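Read through the structure below, which is laid out as structure tokens, and then see the notes.
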Protein chains: 4
Amino acid sequence: MASRGVNKVILVGNLGNDPEIRYMPSGGAVANITIATSESWRDKATGEQREKTEWHRVALFGKLAEVAGEYLRKGSQVYIEGQLQTRKWQDQNGQDRYTTEVVVQGFNGVMQMLGGRQGGGQGMGAPMGGGQQQQGGWGQPQQPAAAPQQNFAPQQQQSAPQQQAPQQPQQQYNEPPMDFDDDIPF
Amino acid sequence: MASRGVNKVILVGNLGNDPEIRYMPSGGAVANITIATSESWRDKATGEQREKTEWHRVALFGKLAEVAGEYLRKGSQVYIEGQLQTRKWQDQNGQDRYTTEVVVQGFNGVMQMLGGRQGGGQGMGAPMGGGQQQQGGWGQPQQPAAAPQQNFAPQQQQSAPQQQAPQQPQQQYNEPPMDFDDDIPF
Amino acid sequence: MASRGVNKVILVGNLGNDPEIRYMPSGGAVANITIATSESWRDKATGEQREKTEWHRVALFGKLAEVAGEYLRKGSQVYIEGQLQTRKWQDQNGQDRYTTEVVVQGFNGVMQMLGGRQGGGQGMGAPMGGGQQQQGGWGQPQQPAAAPQQNFAPQQQQSAPQQQAPQQPQQQYNEPPMDFDDDIPF
Amino acid sequence: MASRGVNKVILVGNLGNDPEIRYMPSGGAVANITIATSESWRDKATGEQREKTEWHRVALFGKLAEVAGEYLRKGSQVYIEGQLQTRKWQDQNGQDRYTTEVVVQGFNGVMQMLGGRQGGGQGMGAPMGGGQQQQGGWGQPQQPAAAPQQNFAPQQQQSAPQQQAPQQPQQQYNEPPMDFDDDIPF
DNA sequence: TTTT
DNA sequence: TTTT
């Protein structure tokens, strides 16, 4: 709660992929997203236009994670305010590895969807996502269900899919999104 | 020069070690520092006070690197504004590894020494640094060891006054913290 | 609690005066401070060094106001994170007037004292403040004059130790700047 | 160029009106915009949803002013990074008045249009603006003319209307947008 | 005066 | 992997 020093990251960029939502044993949501920021400049030597994209790992917790899971999609533009956090983990060779993420959590964390609601529309039969791409904005809630106001309600079973499927052996990314899950080997 | 998106990191913390200064083939300086920020909170379960320190790698370039090398020391408190950058490199096994740093460079980068000049001065014969620890402030300018001084501008001599005048006992603080006698407009 | 948009101000500067503390009918504290930031540059035309100081009105609320009242003094260096707020009021002629302030409040507000504890201590009989100027750091806790102390929590007594023990000559710095002996992970 | 202290404002919000562009005697552009940020919360007492909008005066200079003038419109969503500046001026009664603005200028200033290009489309015959309202995004350039790369070129006559009409006696806002123009009475 |  |  108290802190000595300031540790703040501010990002505005677009998601490289749909958010990955997981749930902690406590039931709290975690959303992992990657955000691209880019810079472009004219190369002094060659005179040609160059561009470099920086990719940022962002982990959102709690309510912000749920909102991210519902509204953000690949391509969505967001404002993020969080803090830098470096996690230590062991790779398959037992070697220490470090991963740095922007953690968006608690009262210091901010996530703002930018660009206004986009795409979608009333009476849209099929859920968006089948290869379509939105342009910066944010979409329709993913699981609007019958009662949208229940999205943040206690009964998170609906949105806690790992309870039905506690193991995801097929999970292929070999770097930990966050160290809350004890036994994940990476 | 142009950029799409925002990639900004703001840190206030203390250096874990003296800066490491290197020079690029171009002659430009690079300073690597590690900055600690910490958070403390009361554990709800055990009721005891807990603290976690986060360490940040920071790389400063150009003039800010030179200033860091001259004035910052282990323990110095700084304000840093830079951007996140993740570098890819190969370890000894040829495996891809990634390191994330806060890069402080060009016009977007900011480095401000905090806490006012401290320690040093008063006929201190030996350069500070032999295990001593200053509390937050920043020190006397220090010559960049074996580093090529031609990298520095001519007036650098003036700003390293301890060479001509190693002792300035009268110099308490020759830089006012602020013009407090300005007419505050409210 | 929710917000559309971002409204954030970050200041690092020195106080132009001692904080002015007031208490709201509710008992909550409000601290008004003025912070100076300055920029200096070389005038292209005349070639001379110029400097401009900008003064910022800052209003802190709640616990941060209490901390400001206890520890900040004229000259103290602080990091402030708050939001812009413009108040409308009527002058004596009934004309509308506007005042813009940086409001530091609630969970989005941050106030960090910079530069480490300073001055005070060492058998100083009288409370600091009689025209002296500290250089950046923050001082000994000070009793809030005629202010209602019931606003403060019980453990406040402990944090105002100079009442029971006005002199602590042995107390140089009883708060470490940072755990430098932590294992820095890189 | 150098600075002691940090003076930084970050805003994300929507324009309340089209930008007002003016040109200084030097030919440099100035854009004045107002940005809204808002917060909403549930009133504890009444239980009803409440919202408060904060309006920010923002002054952009130079190239960013030109970009603002071309692409931003009423309703556009922007990210702004600038610094607080309070100007003193005299009202018609000769009384001192102060106006605080967010100044976006030089290398520290940032203006990012959010939400992606909107409206418009290829072969759009009529320029947007006739009372239409865009939703957050930014539009077609206002005066794409024949040579878009001339927008920032010396011949700014096209976009320096005050040269043809040096006086704007009809100008009704009685508070100065910025103090570069000597004789404006407000 | 904007947005949701 | 995103956006322009």
Side-chain angles (χ1 to χ4, degrees), chain A residues 11-20 32-41 49-58 67 71-80 112-118 131-141 148 173 175, chain B residues 1-7 86, chain C residues 1-7 86, chain D residues 11-20 32-41 49-58 67 71-80 112-118 120 131-138 140-141 172-173 175:
Chain A
L11 300 175
V12 173
N14 299 277
L15 271 71
N17 279 302
D18 287 354
E20 294 173 6
N32 288 282
I33 61 178
T34 56
I35 294 181
T37 58
S38 68
E39 284 181 288
S40 63
W41 69 96
Q49 191 70 11
R50 302 215 43 201
E51 175 164 345
K52 189 184 161 218
T53 294
E54 188 72 36
W55 287 99
H56 308 272
R57 281 173 174 276
V58 178
V67 175
Y71 292 98
L72 297 183
R73 293 293 168 267
K74 178 178 181 172
S76 295
Q77 191 181 33
V78 283
Y79 170 94
I80 285 290
Q112 292 264 325
M113 300 175 289
L114 302 175
R117 218 174 209 117
Q118 218 140 38
Q132 306 139 304
Q133 193 172 296
Q134 54 169 316
Q135 208 230 7
W138 38 288
Q140 295 283 98
Y173 48 90
E175 196 171 326
Chain B
M1 215 162 179
S3 70
R4 179 158 177 81
V6 174
N7 175 1
T86 299
Chain C
M1 214 165 181
S3 69
R4 177 154 180 85
V6 173
N7 174 2
T86 298
Chain D
L11 300 175
V12 173
N14 301 276
L15 272 70
N17 279 305
D18 288 354
E20 295 172 7
N32 288 283
I33 60 178
T34 55
I35 296 181
T37 59
S38 67
E39 285 181 288
S40 62
W41 68 97
Q49 193 69 13
R50 303 219 38 204
E51 176 165 344
K52 189 185 162 216
T53 294
E54 189 71 37
W55 288 98
H56 309 272
R57 281 173 175 273
V58 178
V67 174
Y71 292 98
L72 296 183
R73 293 292 167 269
K74 179 179 182 174
S76 296
Q77 192 181 33
V78 284
Y79 171 95
I80 285 289
Q112 293 264 323
M113 298 174 289
L114 302 174
R117 215 173 211 118
Q118 218 140 36
Q132 303 139 308
Q133 192 172 297
Q134 54 171 316
Q135 209 230 5
W138 36 288
Q140 296 283 98
Q172 72 275 38
Y173 46 90
E175 198 171 324

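Each chain gets a letter, A, B and so on, in the order the sequences are listed, and its residues count up from 1. The structure displayed is predicted, hence computed values, not measured ones.
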In whole angstrom, give the distance that lies between atom [atom1] of [X] and atom [atom2] of [N].
X	N	atom1	atom2	value
A:H56	F:dT2	NE2	P	15 Å
D:I35	E:dT1	CD1	P	18 Å
A:E39	F:dT3	CD	P	19 Å
D:L114	E:dT3	CG	C1'	13 Å

Subject >> Set of residues satisfying side chain to side chain contact (heavy atoms under 4.5 Å, CB included) with respect to A:T53, sequence neighbours excluded >> reply: A:A36, A:S38, A:E51, A:W55

**OP:** Applying side chain to side chain contact (heavy atoms under 4.5 Å, CB included), name anything that partners C:N7, two or more places apart in sequence or on another chain.
**Re:** C:Q83, C:L84, D:L11, D:T37, D:E54, D:H56

**OP:** Would you please determine if the base of E:dT1 is stacked by D:W55, with stacking meaning a centroid separation under 5.5 angstrom and planes under 30 degrees?
**Re:**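 Given the distance and angle limits, yes, they stack.
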
Original post:
For D:Q77, which contact category applies under a 4.0 Å heavy-atom criterion: base, sugar-phosphate, or nothing?
Top reply: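 Result for D:Q77 = nothing.
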
Subject >> Dot-bracket pairing map - DNA chain F, Watson-Crick plus G-U, both contacts under 3.5 Å, | cross-strand >> reply: ....

Original post:
Quick one: side chain to side chain donor-acceptor pair (under 3.5 Å) partners of A:Q112, sequence neighbours excluded?
Top reply: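 Checked A:Q112 against side chain to side chain donor-acceptor pair (under 3.5 Å); matches are C:S3.
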
Original post:
What orientation do D:Y71 and D:W138 show, parallel under 30°, tilted 30 to 60°, or perpendicular over 60°?
Top reply: perpendicular

Original post:
D:T34 side chain: which of E:dT1, F:dT3, F:dT1 is closest?
Top reply: E:dT1

